Protein chains: 2
Amino acid sequence: MKGKATSFDIAHYAGVSQSTVSRALRNSPLVNEETRKKVHEIAKELNYKVDKNASNLRTQQSNTIALLLFEDPTKDDSQINPFFLAMLGSITRACANVGYDLLISFQQSSKDWHADYEDSHRADGIILLGYGDFIDYQEKLDKLMVQGTKFVCWGAKVEQSPRLSISCDNYHGGQLAAEHLINLKRTNCAFIGDASEHSPEFFARFNGFNDEFKKHGLEIDSRKIANAISTDDSGFHATKSLISNNIKFDALFAASDLIAIGAISALTQAGIKVPEDVAVIGFDDIPIASFTTPPLTTVHQNTSKAGEMLVTNLLRLIHEQDIEENLLIPELIIRASTR
Amino acid sequence: MKGKATSFDIAHYAGVSQSTVSRALRNSPLVNEETRKKVHEIAKELNYKVDKNASNLRTQQSNTIALLLFEDPTKDDSQINPFFLAMLGSITRACANVGYDLLISFQQSSKDWHADYEDSHRADGIILLGYGDFIDYQEKLDKLMVQGTKFVCWGAKVEQSPRLSISCDNYHGGQLAAEHLINLKRTNCAFIGDASEHSPEFFARFNGFNDEFKKHGLEIDSRKIANAISTDDSGFHATKSLISNNIKFDALFAASDLIAIGAISALTQAGIKVPEDVAVIGFDDIPIASFTTPPLTTVHQNTSKAGEMLVTNLLRLIHEQDIEENLLIPELIIRASTR
DNA sequence: AAATGACATGACACCGGTGTCAGAATGGGG
DNA sequence: CCCCATTCTGACACCGGTGTCATGTCATTT
């Protein structure tokens, strides 16, 4: 036998028509139990696998989801944010559980992104994953909406857009962090991240944090805010600049764990002790957070659940069903960096 | 217009036949410049995208590569080895560069793996990524070979199998690590990892290391070898058991960075100072290696290049061309953990 | 014995492209 | 003016399944 076996080959060997083979393989109740068995046997023998292209072409669906990852640019471009990697893992698993394949593509923020996976029938729907602002892409997202493309985003909800976003309750996460520091009486706090609408998630974290502080008559001094994108490198430099500007603080809230790791590195290098001199708290609870020195106190996002929510909600969208809950509840994980 | 536009729609508007549309869109030299332009214009207007299923079905190729990730089981299953994540990133990019899509699937070592991507015409070839031993899968890999499935593996070369493996020169990497420690006069060394054929990569690293030691009349004491799989957790516990067994050493070679991170954590907790009391050296150079405390000396594997090598060699396999170089040269990165 | 229905199967159109082949239109050379 | 080569286009089969409709068989009903 040259080439792969087709349903016609099976039909030939089984002495039935190709139609019957197709039905038998999909366990249609229309086909006789005996022939069904025979067909399955022969199929196994020939190592037959349904041709997905033919099948997808006919049924007009691909049983595939496309995942577009948007990344802040980093110096080494093979470096991916561990948080997204965790998400990627859970999304893959969630897809596998519902029998969907996953197509992956990394997007350069700058480049034109090829969201044509759905147009070209390669995927039934799209998951967009990235830190923060899809604002730059608003126009394109609107176009997707108009076209009727099924997609979900991870990230902060943008009010003016009707698209479906799944996200963590970042605001509440910020509150948790603030509450914890207040309990520790570490209220002279710095913030490393981006406290502007440009990074809706970071912004929400910051606002939750600061609002909680305000409830206690406190506030983050604006001079103690340093901008950073979500890389250890960026966190390192932002923290270093605070230190070199001789700004004093006894606590530091980092908008993400990677930033926190960079911050700890910068503090330690400057001879500032964590947590004795400065308590550090991060956000995300990436895998390595528990193995930093000292282990990092952080706000945990349940990535397993997040991946599941993204996938199931996208499927609901695809099947035109109503959406389930779409807010992930964060949880404070206390480790040595604030003790 | 309901549904997606097809080439027939374009043909209708352009007043030409569907065949011509197809040719025009693929920039066939057979079609007149003017009609080509017109067709392209209308296609853009209708937001037409070639249906991949139809196209793939006809051409019998998918322009897609499948990536199977084999993972050591971890407690939290959303946790992926950062090294593979880096690989994943570079593979994605390499695929994008050559116009291929990437299908991803995580495999549970235990479960039956669905390597039917190629059988079902979903992918033209497969990349297998995992730490160490595909030995457990040997039988299945042989079956793939027989079927003529195109695939490449990442990892140590297994002599008895003719399959194509791309890997880092782990042996040489081990030598580099040993050489470095010898220069530092830290020769009472422990090894955390798996020094058996069961993990060919770790084994090669260990052998390179130990052989280099032997050249200098030294050797790793077998009592100073502790088994660990490639997780920080596993490295932590392995190191802890050495410590609690009161085994003394002034250097530690970890088979991977994750193990090294766990080891540092265990050492620090036991009041053992890195690098003063024990110099620690890892392997992989994962992104966070430079942000541990202290930053980790490690053997760098160029993941960008590795991803490229995997993809280009797989493509050569698919197109029945000869294979290029397939060994990645490692490089020692010296940081504070051995200073 | 004829009619009715359940059950099982085959024939065939169809999904949306690609590739082959035949043929029309044009132009230059003899 | 005819012939032939060149350039462009259309008709059509084909990829390998899926779904619909028609057909055939047999047991059951009246």
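As the structure is a computational prediction, the values presented were derived from the model and not from experiment.
- There is a side-chain donor-acceptor pair under 3.5 Å between Asp119(A) and Gln147(A).
- Whole-Å rounding puts the Glu34(A) CD to dT9(C) C1' distance at 14 Å.
- When rounded to the nearest whole Å, the span between CG of Leu30(A) and C1' of dT20(D) equals 11 Å.
- A donor atom on one side chain and an acceptor atom on the other are found under 3.5 Å apart for Arg26(B) and Ser22(B).
- The bend of the helix from dA1(C)-dT30(D) to dG30(C)-dC1(D), defined by the angle between the axes of its first five and last five pairs, stands at 60° to the nearest 10°.
- With hydrogens and angles ignored, the 3.5 Å screen pairs no side-chain donor or acceptor of Asn313(B) with any backbone N or O of Leu310(B).
- The backbone N or O of Leu88(B) sits less than 3.5 Å from a side-chain atom of Thr92(B), completing a donor-acceptor pair.
- Atom CZ of residue Phe84(B) and atom OG of residue Ser230(B) lie 7.0 Å apart, to the nearest 0.5 angstrom.
- Atom NZ of Lys38(B) and atom CD1 of Ile10(B) lie 12.5 Å apart (nearest 0.5 Å).
- Glu33(B) has its CD atom 11 Å from the P atom of dT9(D), to the nearest Å.
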Set out, line by line, the N/O atom pairs under 3.5 Å between protein and nucleotides 15-18 of chain D.
residue	atom	partner	partner atom	Å
dC15(D)	O3'	Gln60(B)	NE2	3.1
dG16(D)	OP1	Gln60(B)	NE2	2.9
dG16(D)	N2	Ala54(A)	O	3.4
dG17(D)	OP1	Tyr48(A)	OH	3.1
dG17(D)	OP2	Ser7(A)	N	3.0
dG17(D)	OP2	Ser7(A)	OG	2.5
dG17(D)	O5'	Tyr48(A)	OH	2.7
dT18(D)	OP2	Ser22(A)	OG	2.3
dT18(D)	OP2	Arg26(A)	NE	3.3
dT18(D)	O2	Arg58(A)	NH1	2.3

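- In this structure, a donor-acceptor pair under 3.5 Å is absent between the side chains of Asn56(B) and Ser62(B).
- With 3.5 Å as the limit, one finds no donor-acceptor pair spanning the side chains of Asn53(B) and His121(A).
- Per the geometry, CD belonging to Gln61(B) stands 21 Å off P belonging to dC14(D), to the nearest Å.
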